[in-house]
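Everything below concerns the one structure shown next.
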Amino acid sequence: KTKKILNYNCIKATMEFRGRKFTAYFTKELPYNTGPYKFFGLNGLILEISADNMPYYIWKASSINLDNNDKINYEIQEKNTNKINIKEFVKIKDSERNRFLKEINDTDISFDSKVETIEERPTIEKHYEWETQ
């Protein structure tokens, strides 16, 4: 399946990334195998990608400037930080989300309600590689 995005002919690709299904449109007319967020590796530039059944997770190119010769340098600025690995980060993040939900539900509010999440991890990554092994 194909479609035009910003006057480029794009090809549809589907994939699964950490428990979610995604649909991407990429163009071979721009031979860069990159895209937004953590998505890359197709035979052209990803101009649109979305998480299936999650209409609020959509990345779409709004313009392309091929005349820009500026170099972009990224520098990590660390100040009094402790480095942790991704497993530790995910564990802390999940723990904080659960603590926050418990705190909300334990709050004495005037009407009968309870906050629940639709799924355990409502982010792009439903699960990580080490969790599915």
Side-chain angles (χ1 to χ4, degrees):
K1 190 171 180 180
T2 63
K3 74 176 183 177
K4 284 244 187 209
I5 300 173
L6 299 175
N7 291 319
Y8 291 97
N9 295 312
C10 295
I11 303 165
K12 180 180 179 180
T14 59
M15 69 207 78
E16 189 171 314
F17 175 71
R18 294 188 171 158
R20 292 211 189 277
K21 293 182 179 181
F22 290 86
T23 299
Y25 285 90
F26 69 99
T27 181
K28 291 182 178 182
E29 296 171 40
L30 298 170
Y32 310 103
N33 68 346
T34 192
Y37 190 54
K38 298 179 179 182
F39 301 104
F40 62 91
L42 296 173
N43 292 330
L45 183 65
I46 298 171
L47 296 184
E48 180 180 315
I49 189 162
S50 60
D52 294 358
N53 301 318
M54 297 181 79
Y56 42 88
Y57 280 128
I58 300 171
W59 294 272
K60 187 172 183 178
S62 57
S63 66
I64 296 174
N65 180 357
L66 298 175
D67 297 327
N68 189 345
N69 293 324
D70 294 339
K71 289 186 177 180
I72 300 172
N73 295 314
Y74 295 96
E75 293 180 17
I76 298 173
Q77 297 182 358
E78 298 178 16
K79 295 181 181 176
N80 300 322
T81 59
N82 294 323
K83 291 185 180 185
I84 60 173
N85 64 36
I86 186 70
K87 287 182 184 180
E88 292 171 298
F89 173 76
V90 170
K91 184 177 178 182
I92 292 167
K93 185 176 162 187
D94 288 347
S95 175
E96 282 300 304
R97 184 184 63 252
N98 292 335
R99 182 199 56 76
F100 177 69
L101 287 173
K102 183 177 181 341
E103 185 178 305
I104 289 174
N105 286 326
D106 288 349
T107 302
D108 185 23
I109 50 181
S110 59
F111 53 92
D112 188 29
S113 66
K114 184 175 181 174
V115 177
E116 294 181 0
T117 58
I118 295 171
E119 53 191 322
E120 186 176 330
R121 195 177 281 143
T123 58
I124 287 292
E125 289 98 344
K126 282 176 76 169
H127 63 263
Y128 292 85
E129 293 81 0
W130 66 86
E131 295 173 322
T132 58
Q133 296 175 356

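What you see below is based on every heavy atom in this structure, not just the backbone, and it leaves out hydrogens, waters and symmetry mates. This is a predicted model, so every value here is computed, not measured.
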Q) Shortest non-hydrogen contact from Ser50 to Ile58? A) CB-CG1, 3.7 Å
Acceptor/donor pairs from residues 30-43 side chains to any protein atom, 3.5 angstrom cut, sequence neighbours excluded:
unit_1: Tyr37; atom_1: OH; unit_2: Glu125; atom_2: OE1; d: 3.3
unit_1: Tyr37; atom_1: OH; unit_2: Glu125; atom_2: OE2; d: 3.3
unit_1: Lys38; atom_1: NZ; unit_2: Glu125; atom_2: OE2; d: 2.7

(Q) Could you report the tightest heavy-atom contact between Leu6 and Ser62, atom names first, then the distance? (A) CD2-O, 3.6 Å
Q: Step through the shown structure and confirm whether more than 12 heavy atoms of other residues, nucleotides or ligands are within 6.0 Å of NZ on Lys3.
A: yes
Q) Around Lys4, counting heavy atoms of other residues, nucleotides and ligands shown, do more than 12 lie under 6.0 Å from its NZ? A) yes
Q: Could you tell me the separation between the CD atom of Glu29 and the CG atom of Asn9, rounded to the nearest 0.5 Å?
A: 4.5 Å
Q) Between atom OG1 of Thr23 and atom CD of Glu48, what is the distance when rounded to the nearest 0.5 Å? A) 9.0 Å
**Q.** For the student: nearest non-hydrogen atoms of Phe26 and Ala13, plus distance
**A.** CE2-CB, 4.0 Å
Q) Roughly how far, to the nearest 0.5 Å, is OH of Tyr25 from CD1 of Ile49? A) 11.5 Å
Q.
If you compare all heavy atoms of Gly19 against all heavy atoms of His127, which two are closest, and at what distance to 0.1 Å?
A. CA-CE1, 2.9 Å
Q.
Can you list everything that forms a side chain to side chain donor-acceptor pair (under 3.5 Å) with Lys21? Sequence neighbours excluded, please.
A. none
(Q) Is it the case that atom CG in Asn7 sees more than 12 heavy atoms from other parts of the structure closer than 6.0 Å? (A) no
Q) How many angstroms lie between CD1 in Ile11 and CD1 in Ile46, if you round to the nearest 0.5 Å? A) 12.0 Å
Q: State the CE-CG distance between Met15 and Asp52, to the nearest 0.5 angstrom.
A: 9.0 Å
Q. Between Lys91 and Glu88, is there a side-chain N and carboxylate O pair less than 4.0 Å apart?
A. no
Q.
Could you go through Leu45 and Tyr8, starting from their C-alpha distance and side-chain angles, then the distance that decides it, and tell me whether this counts as side-chain contact (heavy atoms from CB on, under 4.5 Å)?
A. CA-CA 10 Å; Leu45 183 65; Tyr8 291 97; over 6 Å; no
